[in-house]
Amino acid sequence: MKSSPTSNQSLLDQEAIAAWIFLAPAAVLMAIFVLWPIAYLFYLSFTQGNFTISGVYWVGLKNYWRLLVSPDFWQVMGNTLYFTIATVIPSLIIPLILAVLLDQALALRGILRTAYFIPSITSLVAVGLGWRWLFQTDGPINAFLSSLGFDPIPWLSSTVWAMPVLILLSIWKQLGFNMVVFLAGLQAIPINRYEAAELDGANFFQKFWHVTLPGLRPTLVFATVTTVIFTLRSFEQVYVITGGGPLNSTNLLVYYIYDQAFSQFDFGYAAAAATILLIVALILVYIQLQVFESENNP
């Protein structure tokens with residue numbers, strides 16, 4: 001006996017109601033802790049003042065104009081661009097090489113995977129304190145260089161060397177996560193592709209170039225986007241190690257937003273800078289979704 005269209009529609013309505021009931025708690029939490037803060041951030045970017053008795057008042061696009069004409073903001077953007085490029089590229093290449101090597105039948109493979117992953121779950125504040133000790137003028141790094149006959153380098157007080165210290169720390173911190181992501185992507189590549197390449201006489205590097213890299217394309221996009229976002233939101237290492245100095249040379253966008261909001265109490269200006277950061281992150285996520293969609297719907 002066939003069910004009537006009316007009964008089918010009623011069943012679908014009941015399932016939709018049940019779905020909304022189960023989704024409601026998560027939707028409410030998302031609205032409170034994600035959507036409302038974003039909306040309030042956007043509102044604050046058009047205001048000036050602080051959370052005192054004087055309150056805030058509407059200034060329109062003034063904060064965005066101040067960003068456009070601020071030399072400090074453009075220096076921070078240049079620092080952030082330099083930091084991002086110098087961090088992201090090694091943070092993709094090195095974990096990819098490690099993942100390909102650890103995907104082979106090597107001795108102690110499990111121990112090596114764990115060892116490389118540990119930095120990604122270590123507190124960045126604790127690591128930052130350790131790196132500040134390592135790279136201080138009379139620290140172990142300079143002691144080692146002195147033993148080799150080199151002059152000590154003022155790592156953290158030099159406008160040239162302070163940023164590379166932060167970059168090196170960020171690369172080290174991101175290696176383990178990206179390595180695990182690439183290992184998961186390698187497991188998803190069908191083994192028959194490698195077998196076919198071997199039958200055609202391909203060597204290790206040819207298989208890597210013509211089989212591994214094309215098979216890892218969605219994984220590479222995901223790792224690139226997440227690494228760029230991780231890099232753009234870098235704060236702890238700047239706060240702990242350099243404080244944005246010397247001479248503003250390591251001041252990154254998130255630290256600049258923090259300083260403007262909680263040191264200068266210029267919340268509207270800080271909100272405008274944070275809105276720009278949010279837009280950049282959303283653009284990156286959109287690019288990732290477009291690539292995934294093109295992969296799933298060739």
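In what follows, every heavy atom counts, from backbone to side chain, and hydrogens, waters and symmetry copies are set aside.
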(request) Please report the C-alpha distance between V238 and V254 in whole Å, then the side-chain angles of each, then the deciding distance to 0.1 Å, and finally whether the side-chain contact (heavy atoms from CB on, under 4.5 Å) criterion is met. (result) CA-CA 9 Å; V238 180; V254 174; over 6 Å; no
(request) Report the C-alpha distance between I241 and L169 in whole Å, list the side-chain angles of each, state the deciding distance to 0.1 Å, and finish with yes or no for side-chain contact (heavy atoms from CB on, under 4.5 Å). (result) CA-CA 10 Å; I241 299 177; L169 169 58; 3.6 Å; yes
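With sequence neighbours excluded, the residues satisfying side chain to side chain contact (heavy atoms under 4.5 Å, CB included) with I118 are T114, T122. Residues passing the side chain to side chain contact (heavy atoms under 4.5 Å, CB included) test with V34 are M30, I38, sequence neighbours excluded. Listed by chain and residue number, R66 satisfy the salt bridge (charged side-chain N to carboxylate O under 4.0 Å, His left out) test with D266 (two or more places apart in sequence, or in another chain). Every ring pair (Phe, Tyr, Trp, His ring centres under 6.0 Å) that Y43 has, sequence neighbours left out, goes to Y40. In this structure K173 satisfies the salt bridge (charged side-chain N to carboxylate O under 4.0 Å, His left out) test with no other residue, sequence neighbours excluded. For I283, the side chain to side chain contact (heavy atoms under 4.5 Å, CB included) partners two or more places apart in sequence, or in a different chain, are I279, I287. For R132, there are no salt bridge (charged side-chain N to carboxylate O under 4.0 Å, His left out) partners two or more places apart in sequence or in a different chain.
Listed by first and then second residue, the ring pair (Phe, Tyr, Trp, His ring centres under 6.0 Å) pairs that reach into residues 58-99 are F46-W58, F46-Y64, sequence neighbours excluded. Listed by first and then second residue, the side-chain hydrogen bond (donor to acceptor under 3.5 Å, both in side chains) pairs that reach into residues 149-166 are N142-W155, sequence neighbours excluded. Note on residues 201-214: pairs passing side-chain hydrogen bond (donor to acceptor under 3.5 Å, both in side chains), not counting sequence neighbours, are Y194-T212, E198-K207. Pairs passing the side-chain hydrogen bond (donor to acceptor under 3.5 Å, both in side chains) check and including a residue from residues 244-263, sequence neighbours excluded, read Q75-N248, T242-T250, N248-N251, Y256-Y269, D259-S263.
The structure places CG of L81 at 11.5 Å from CG of L253, a figure rounded to the nearest 0.5 Å. The OG1 atom of T87 sits 9.5 Å away from atom CG of L168, with the distance rounded to the nearest 0.5 Å. For the atom pair F267 CZ and S45 OG, the distance stands at 14.5 Å (nearest 0.5 Å). For the atom pair CG of L92 and CD1 of I171, the computed distance is 10.0 Å after rounding to the nearest 0.5 Å.
In this structure, N178 and S91 approach most closely via the heavy-atom pair ND2-O, 2.7 Å. Summarising the geometry of V59 relative to N63, their closest heavy-atom pair is CG2-ND2, 3.8 Å, with the distance given to 0.1 Å. In terms of heavy atoms, A162 sits closest to G245 at CB-O, 4.4 Å. Summarising the geometry of F182 relative to L216, their closest heavy-atom pair is O-CD2, 4.0 Å, with the distance given to 0.1 Å. The two residues G185 and T219 come nearest to each other via the heavy atoms CA-OG1, 3.7 Å. In terms of heavy atoms, A31 sits closest to P37 at O-CD, 4.4 Å.
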Contacts table for residues 123-131: side-chain donor-acceptor under 3.5 angstrom, sequence neighbours left out:
from : atom 1 : to   : atom 2 : distance (Å)
S123 : OG     : V125 : N      : 3.4
S123 : OG     : A126 : N      : 3.4

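Put simply, the side chain of L277 reaches to within 4.5 Å of the side chain of L232, judged on heavy atoms. Using a 4.5 Å cut-off on side-chain heavy atoms (C-beta onward), Q187 and D103 make contact. Looking only at side-chain heavy atoms (C-beta outward), L96 and L213 come within less than 4.5 Å of each other. A 4.5 Å side-chain heavy-atom check between W133 and P140 finds at least one atom pair inside the cut-off.
Both F262 and F235 are part of a single hydrophobic cluster, where members link through side-chain heavy atoms under 4.5 Å apart. With hydrophobic clusters built from ILVMFWY side chains whose heavy atoms lie under 4.5 angstrom apart, V240 shares a cluster with L166.
In this model, a donor atom of one side chain and an acceptor atom of the other lie less than 3.5 Å apart for S170 and Q237.
Side chain of S70 to backbone of L67: no donor-acceptor contact under 3.5 angstrom is found.
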